[in-house]
Structures are given as structure tokens and as C-alpha cells.
Amino acid sequence: MLDDFVVRSTLGGLAVALAASPLGCFVVWRKMSYYGDATSHSAILGISLSLYFSISIFLGVFLMALLASLVVTLFVNRYYSADTILGVFSHSTLAFGLIAVNVLPAQNVNIESYLFGQLLAVTKIDLVYIWGGAITILGLILFRWKKLLISTVSEDLTIASGLNPKWEQWILNLGLAILVAVAVKVVGILLVTAMMIIPPAAARPLVRQPVAMVLISTVFGCLSVILGLLVSLYIDTPTGPSIISVAATIFILSWIGVLLYRGTRLTMIIKPDKT
Amino acid sequence: MSLVKFNGVGFSHQDKLVVQDVSFTVERGIFLTIVGPNGSGKTTILKLIIGAYNPTKGTITRDADLRIGYVPQKLNVNDTIPIDVNCFLNLGQKFPSKKIRSIAEETGITHLMKVPLLSLSGGQTQRVLYARALLAEPNLLIMDEATQGMDAEGEERFYRLVNDYRARTNCAIILVSHEMHVVSSFSNWVICLNGHICCQGEPSLIFEDEKFVELFGKFPQNELAYYPHKHDHSHDVV
């Protein structure tokens with residue numbers, strides 16, 4: 001079964017969607033989406049270095065992403081806000097990474113396959129890494145769900161409950177680094193953030209509870225992967241961008257639905273049903 | 001043993017001295033009000049008590065059995081997260097629904113349980129925050145200008161609720177307030193803060209203290225001017 005590349009791609013894509021949507025909810029709630037960008041841009045440097053030292057790309061990208069979050073956390077001080085440091089780090093590592101790809105004597109690297117992913121070329125070994133990473137992320141979120149949630153709602157209340165909000169920040173940093181590492185092959189560096197942000201953003205206007213947002217965004221994420229793959233296979237479009245385009249379409253449909261619903265409620269208020 | 005004891009506590013933030021040489025004790029059943037001008041370090045003292053800040057000088061000792069309920073000045077909720085009152089009350093810890101119901105009734109928020117947190121009014125938010133603080137069965141309840149957004153009547157009701165709870169459970173209350181009539185009718189201990197402790201004592205004595213009068217004017221005055229903002233006096237700290 002795993003010999004069929006369609007099955008492998010579907011499994012790889014679904015794993016990323018299952019981990020990216022719950023993590024993405026926290027990224028959206030904590031307004032960390034730019035953080036995701038910085039982590040993923042640093043991945044290009046991680047890729048060049050892992051090719052040079054011939055270590056696994058997953059490991060290289062993971063370590064680089066973790067380094068990114070470490071540097072950002074340590075450098076946020078009274079001179080710089082987080083978004084400045086993220087801007088410095090994200091674009092510097094992107095620049096150094098692109099130079100490294102050209103300078104380091106690695107055999108003809110197709111950089112585009114890392115920028116936009118190559119889901120259809122996912123191997124069985126890749127699947128082991130991707131599912132391992134996805135399950136780790138889900139485990140982290142499930143295991144610390146309550147603490148993550150309270151620290152996201154209010155830092156003051158977290159501290160008053162005797163918890164240290166910094167721990168939860170690090171849990172999310174770790175999750176983000178793992179996700180970037182496993183998603184490089186699936187949607188590529190440039191679209192990892194989209195995979196995290198768009199499904200939760202599409203779910204947001206439909207829900208009133210955090211759990212509901214996580215569940216619905218996960219459904220949206222999986223739907224995007226399956227439909228995106230189908231589109232990519234039948235009309236031969238690049239896979240990563242197809243998945244994200246489907247997610248974006250779901251986002252638009254979700255808002256159209258919400259606006260229509262509000263519209264009908266509005267007309268009901270203006271013209272009450274007298275039956 | 002007292003619940004919390006400050007011994008010569010000082011705190012600096014970014015090389016700036018916020019409070020210095022603060023010593024006081026919090027006993028069980030106390031209704032302590034901290035008064036002081038804006039920027040006098042009132043919120044800093046509260047954050048030192050809950051442990052959000054560590055003192056840069058002196059020591060803070062806490063009873064091993066200290067359970068703090070904290071009602072913040074306002075809730076800095078992330079406006080991006082969908083959450084209703086019921087879910088908010090259960091944040092961080094799951095409480096039996098029977099307990100939630102009884103505390104919701106006591107604080108008058110039963111009808112708000114399914115309402116999104118962000119669509120509450122100021123007064124409703126404060127009552128929800130108070131209910132949340134009570135769920136932990138605190139023996140120290142800390143409130144930072146907890147009645148923002150309430151009218152005078154609501155405020156009176158709110159503090160009566162708090163005071164009833166104190167009478168029933170012997171819970172200590174620490175309150176930061178600008179409302180002198182609250183101080184006079186409920187507190188049994190007042191700390192007057194302006195970077196350091198200007199004076200502390202029972203309300204009736206404090207209102208006569210010349211340092212208090214210097215900072216806030218004479219109390220009680222006429223009923224319309226509870227809190228004259230006399231911020232023109234200076235100290236050698238801060």
C-alpha cells in the first residue's frame with residue numbers, strides 16, 4: 001500500500017495537517033504568526049548546513065529552528081521588541097542560507113523543492129519522521145493543554161496560579177521547530193506558516209470554544225490536504241501551493257457562510273416571523 | 001504564622017527604583033487596603049506578593065499553606081481566543097460543576113455562563129474574575145482596583161460580597177483602591193504608599209495621620225470628593 005506514491009503523499013500531508021492546525025491555533029491566539037515565518041525562513045540555512053555536513057535534513061532544520069527561537073527569546077529586551085528581532089533573524093538566516101546553498105559544495109541542490117515542498121516525492125523513511133514529529137507535537141499539546149490555554153488567555157492569571165508562562169512558550173517553540181522540520185518536504189519552507197495559520201483563521205468565526213476551534217481547524221487542515229492533493233494530481237499543479245490554495249478557499253467560504261448567516265439573522269430581526 | 005511577611009523589600013525595574021524599604025505583614029482575616037497616588041508602586045506590591053516579580057532587596061516570606069485568589073485590575077485577555085465564561089472559569093483546573101454553579105450564584109453570574117468572555121461589560125468581567133478567584137478557595141484574596149466599570153451601587157454590593165466571604169472564611173483581603181469610602185467602611189488596616197510606606201494603621205487613625213492628609217487631603221470631606229488628586233508633594237525616592 002505504501003508503495004503507491006499517492007498513499008504516501010496523503011499520509012504525509014495528513015500528518016502535517018493534524019499537527020499544524022492545533023499548533024496553529026495557539027500561534028493565532030498568541031499572535032505569533034510572524035514567529036512561524038522567522039522559524040521557517042531559518043530552515044533554508046538549516047538545509048544548506050545539513051547538506052554540507054551530510055546529516056539528516058529533518059535534524060538540521062529542527063536544530064536551526066530551535067536556535068531561531070532561542071536567539072529571539074534571548075534578544076527580546078528593552079532595545080528590541082520581538083518583531084524587530086524576528087525581522088533581523090528571519091531575513092538574515094534566509095540570506096545566509098541562500099548564499100550557503102550556492103557556495104557550499106553540495107551536489108546540485110534543487111532549492112525550489114524545499115521552498116515549496118515535494119509532497120509527491122515523500123519516501124517511506126520521510127513518513128516515519130513526519131509521523132514521529134506530528135505525534136510528538138500532538139502529545140505536547142494534549143499533555144499540557146490546560147497550562148498552554150491559561151498562559152495564552154492571561155499571563156497574570158497563569159502566574160497567580162503558580163505556573164511559569166515561560167515554560168509554555170518554550171513548549172510552543174519546540175512544537176514550532178518540530179513542525180517546520182517535518183513540513184519542509186510537504187508544503188515547503190515558504191508555506192509552513194500558511195499551513196498553521198489559515199485553517200485556524202477559517203475556523204475562528206465559527207466557534208466559541210478553544211476546543212471547537214482546534215477540532216474544526218484540524219478538519220479544515222485535513223480537507224485542504226486531501227482536496228489539494230486531488231487538484232494537484234488531476235490538473236497537474238504544484239502540490240504545496242495547491243494545498244494552501246484550498247485552505248485559503250475554505251477561509252473565504254467560511255466567511256461567506258458567516259456573513260450569510262448574520263444576514264439572515266439580521267433580516268429576522270427586521271422582519272420578525274409572525275407565524 | 002502570618003500569611004505573607006514583607007521585610008525591607010525593595011524592587012527596581014530597569015535601574016529605576018519602584019518601591020523601597022517596604023515592611024508589613026498579612027494576617028488571616030485582615031482587610032488590608034493599599035492607597036497611594038498613581039505610580040506609587042501599588043500594583044508592584046501586589047505582583048511581588050503573587051510572585052510575578054522577585055524583590056531586588058529584602059525578603060518576602062509566605063505561609064506554606066498560602067492559596068492566593070487574584071482579581072486583576074483588568075483582564076488582558078487575548079482578543080483572538082474564543083472562550084466563554086464557563087470555559088474561562090475552568091481554565092487551568094477542572095472544578096466540579098456543582099461548585100461552579102454555587103459560586104456563580106453567589107457572585108451573580110449564573111446567566112453569563114455561556115456568554116463569550118470578550119462581550120462582557122466591565123462590571124460583569126470583574127464579577128467573573130472574582131468568581132474565578134473564589135474557585136481556588138483562597139485564604140488570601142488580592143484585588144487590584146477590582147471595581148472598575150461598576151457604578152457606586154454595584155461597587156458597594158461587590159465589596160459587601162467580598163466582606164461577607166471574608167467574615168465566613170477568615171480569608172485575608174488585600175485591596176488596591178482609590179475609593180476612600182470603601183477604605184473607611186470595610187478595611188481594618190490601611191497602608192499608604194508612595195514608593196515607600198508613608199504610614200500604616202487602622203483607617204480611623206490613618207485618616208488623622210499628617211502624612212496621609214498631606215497626600216490625600218482630609219477625610220471624610222464632603223460626599224462628592226472622595227479622592228482629591230493631590231499629587232504635588234514629592235519624596236526623595238522614585
Side-chain angles (χ1 to χ4, degrees), chain A residues 22-35 76-80 143-169 172 196-197 199-217 254 258, chain B residues 13-16 43 46-54 62 64 66-95 113-119 125 128-133 135-136 138 140-144 146 174:
Chain A
L23 192 64
C25 284
F26 282 99
V27 171
V28 166
W29 294 333
R30 298 168 80 107
K31 301 173 188 163
M32 282 166 61
S33 61
Y34 198 60
Y35 206 104
V76 173
N77 53 31
R78 79 172 104 157
Y79 300 112
Y80 305 117
F143 182 59
R144 299 189 73 91
W145 170 256
K146 290 245 161 197
K147 289 173 182 165
L148 281 168
L149 203 58
I150 187 175
S151 74
T152 302
V153 170
S154 164
E155 191 162 296
D156 283 347
L157 290 177
T158 314
I159 296 169
S161 320
L163 301 169
N164 185 349
K166 290 210 175 77
W167 269 108
E168 312 320 314
Q169 182 64 51
L172 291 177
M196 276 195 297
I197 306 299
R204 178 64 185 89
L206 308 176
V207 297
R208 281 190 177 179
Q209 299 276 4
V211 180
M213 184 154 153
V214 168
L215 293 179
I216 292 181
S217 63
S254 154
V258 168
Chain B
H13 183 60
Q14 298 188 347
D15 304 331
K16 204 167 164 283
T43 301
L46 298 190
K47 295 216 163 178
L48 283 164
I49 296 173
I50 68 172
Y53 296 161
N54 286 318
R62 298 180 181 85
L66 181 67
R67 292 184 309 277
I68 294 178
Y70 177 61
V71 185
Q73 186 166 11
K74 65 173 198 274
L75 185 62
N76 288 320
V77 177
N78 246 323
D79 48 9
T80 43
I81 184 165
I83 187 165
D84 65 17
V85 171
N86 186 44
C87 182
F88 174 73
L89 291 177
N90 278 304
L91 262 187
Q93 206 179 332
K94 181 87 185 152
F95 296 101
M113 296 305 272
K114 290 260 175 274
V115 178
L117 198 58
L118 286 159
S119 49
T125 307
V128 167
L129 286 172
Y130 176 61
R132 190 189 142 77
L135 279 170
L140 172 59
L141 199 53
I142 296 180
M143 289 185 281
D144 191 355
I174 298 182

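All figures in this text were calculated on a predicted structure; none of them were measured in a lab. Note that these values count all heavy atoms, side chains included, but never hydrogens, waters or copies made by symmetry. To find a chain, count down the sequence lines: A is the first, B the second, and so on, and within it residues start at 1.
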request  = Give the minimum heavy-atom separation between Pro210(A) and Pro82(B), together with the two atoms involved.
outcome  = CD-O, 3.0 Å
note = Sorted by chain and number, sequence neighbours left out, side chain to side chain donor-acceptor pair (under 3.5 Å) with Asp84(B) holds for Gln209(A)
Proximal component of Arg132(B), with respect to chain A [non-hydrogen, under 4.5 Å] = side chain
ask   = With Ala133(B), which residues qualify under side-chain contact (heavy atoms from CB on, under 4.5 Å), at least two apart?
value = Val71(B), Leu141(B)
key: Contact class of Lys47(B) relative to chain A, heavy atoms under 4.5 angstrom   = side chain
ask   = Which region of Arg204(A), side chain (C-beta onward) or backbone (N, CA, C, O), has a non-hydrogen atom less than 4.5 Å from a non-hydrogen atom of chain B, or is it both or neither?
value = side chain
ask   = Atom CZ in Phe26(A), atom OG1 in Thr80(B): separation rounded to 0.5 Å?
value = 11.5 Å
query = Could you state the interatomic distance from NZ (Lys31(A)) to CD1 (Ile81(B)), rounded to the nearest 0.5 Å?
reply = 11.0 Å
query = Residues two or more places apart in sequence or in another chain: which of them pass side-chain contact (heavy atoms from CB on, under 4.5 Å) with Val258(A)?
reply = Pro205(A), Leu206(A), Trp255(A), Arg262(A)
inquiry  = Does Arg208(A), at its CZ atom, have more than 12 non-hydrogen atoms belonging to other residues, nucleotides or ligands within less than 6.0 Å?
reply    = no
remark   = Under a 4.5 Å heavy-atom criterion, the part of residues 143-152 of chain A in contact with chain B comprises Lys146(A), Leu149(A), Ile150(A), Thr152(A)
